[in-house]
Amino acid sequence: MTCPRLVATDLDGTALRTDGTVSPRTAAAFARVEEAGGTLVFVTGRPPRWMHSVAGAVRHRGLAICANGALVYDLHTEEIVESHLIDPDVLEECVARLRRNVPDLTFSVEYEGGFAHESDYALGRWDARELSYGQMVAIAALTSRPCAKLLAQHPSMDPDELHRGVLEIVGDIVTPTHSSGRALIEMSAYGVTKATALATLAEERGIKSAEVVAFGDMPNDLPMLTWAGTSYAVANAHPDVLAAVDHVTAANNDDGVAVVLETLF
């Protein structure tokens, strides 16, 4: 293919190593994109508070679409420049429906500038490491202000099965997806996905979907991979992603994204 005008890549499980680092080879490949005049966009489920190390590793190059499309984050300034939030009344209704239909769910939320969780919500390794960012609150407080992402966790269900159930219960008021091996569902405002945010960003720059190459590994990447003109999955990707993309590259720990970018740029 001709040199793409925009490169969009997921981070965890895709461009980053399993330990969460950017390899020197991948950082160099990202630099080649911008040096060639291309637009580099990180499109991630991560909240902005998890982006500082990535921003430093890529020398503050590029933009990031965070929280599965809810937040646009400038890596040069490390500031949120655009938000698409879930309203409190929708949050309350969503939690109420899920509580009625799926026993044992616990909830947390990502705000624009912080994180809060119920007392019995099991923190993941990143949040357990950064407890100063989180507040332990009652559910009424959790849903009392707009947020970028509502998360629902189950102690034992299969992640794909839980996602199907949540989609059926609240898919008419929020957009559920998942991006980890845990039974953890991430919900954005209705209609907000990685693809919607990326399409808006591309349109603002006069870039067509055919001029975009995208990389991903998990179901939350599927809207973006479907929208992009050329799509790649890393070899370690979820089966649904491997079945949906145009091409498969090496695994994240083998610098699969860099392998492709070195060919394109």
Side-chain angles (χ1 to χ4, degrees), residues 12 44-52 64-73 79-80 82-194 196-197 218-220:
D12 295 285
T44 178
R46 284 187 177 210
R49 62 194 176 87
W50 288 1
M51 293 301 294
H52 180 69
I65 292 169
C66 294
N68 295 325
L71 304 171
V72 180
Y73 189 66
E79 293 179 349
I80 295 169
E82 190 175 330
S83 303
H84 302 279
L85 306 179
I86 308 174
D87 291 332
D89 58 339
V90 176
L91 283 173
E92 290 178 13
E93 174 66 16
C94 191
V95 169
R97 288 190 197 180
L98 291 171
R99 277 264 154 87
R100 283 197 301 268
N101 289 279
V102 187
D104 300 324
L105 281 179
T106 54
F107 296 91
S108 68
V109 294
E110 289 287 353
Y111 302 113
E112 285 179 289
F115 171 75
H117 61 93
E118 292 187 285
S119 59
D120 49 354
Y121 182 88
L123 294 172
R125 62 186 178 93
W126 283 89
D127 285 315
R129 210 184 300 175
E130 301 176 15
L131 284 173
S132 59
Y133 283 99
Q135 287 182 295
M136 192 184 299
V137 299
I139 195 66
L142 205 72
T143 60
S144 64
R145 59 189 174 105
C147 74
K149 189 163 64 169
L150 170 67
L151 299 102
Q153 182 182 108
H154 194 277
S156 60
M157 285 184 70
D158 173 79
D160 293 320
E161 179 186 352
L162 179 59
H163 176 247
R164 288 190 292 269
V166 170
L167 185 62
E168 184 175 338
I169 296 163
V170 296
D172 61 325
I173 58 173
V174 292
T175 299
T177 189
H178 69 104
S179 64
S180 73
R182 296 187 295 155
L184 178 65
I185 306 303
E186 307 163 48
M187 289 163 272
S188 303
Y190 184 74
V192 172
T193 67
K194 288 188 174 188
T196 59
M218 287 297 286
N220 64 328

Applying side chain to side chain donor-acceptor pair (under 3.5 Å), name anything that partners His163, two or more places apart in sequence or on another chain.
none
In Å, rounded to the nearest 0.5 Å, how long is the span from OG1 of Thr143 to CG of Asp87?
12.0 Å
Has Lys149 got a side-chain atom pairing as donor or acceptor with Gly45's backbone, closer than 3.5 angstrom?
yes
Sequence neighbours excluded, the answer for side-chain contact (heavy atoms from CB on, under 4.5 Å) partners of Ser83 is Leu71, Ile80, Leu85, Glu112
If you draw a 6.0 Å radius around CD in Glu82, do more than 12 non-hydrogen atoms from other residues or ligands fall strictly inside?
yes
Does Met218 reach the side chain of Ser180, with side-chain heavy atoms less than 4.5 Å apart?
no
For a 4.5 angstrom cut-off between non-hydrogen side-chain atoms, does His154 reach Arg182?
no
How many angstroms lie between OG1 in Thr106 and CG in Asp120, if you round to the nearest 0.5 Å?
5.5 Å
Closest heavy-atom pair and its distance - Gly191, Thr196:
O-CG2, 3.1 Å
side-chain contact (heavy atoms from CB on, under 4.5 Å) partners for Ser108, two or more places apart
Phe115, His117, Tyr121, Leu151
With sequence neighbours excluded, give me every salt bridge (charged side-chain N to carboxylate O under 4.0 Å, His left out) pair touching residues 94-109.
Glu93-Arg97, Arg97-Asp172, Arg99-Glu118
Student check: side-chain heavy atoms of Cys66 and Pro47 closer than 4.5 Å
no
How far apart are the closest heavy atoms of Tyr111 and Pro146, and which atoms are they?
CD2-O, 3.4 Å
Roughly how far apart are Ile185 CD1 and Leu167 CG, rounded to 0.5 Å?
9.5 Å
Between CD1 of Ile173 and CD1 of Ile86, what distance do you get to the nearest 0.5 Å?
9.0 Å
Would you say the side chain of Leu91 lies within less than 4.5 Å of the side chain of Leu150, judging by non-hydrogen atoms?
yes
Distance, nearest 0.5 Å, that separates CG of Asn68 from OG1 of Thr175
10.0 Å
State the CG-CZ distance between Leu142 and Phe107, to the nearest 0.5 angstrom.
9.0 Å
Close side-chain approach of Ile65 to Arg46, heavy-atom, < 4.5 Å
no
Who are the side-chain contact (heavy atoms from CB on, under 4.5 Å) partners of Glu161, not counting sequence neighbours?
Met157, Asp158, Arg164
Among all residues two or more places apart in sequence or in another chain, which pass the side chain to side chain donor-acceptor pair (under 3.5 Å) test with Ser179?
Glu186
Under 3.5 Å, is there a donor-acceptor pair between the side chain of His84 and the main chain of Tyr190?
no
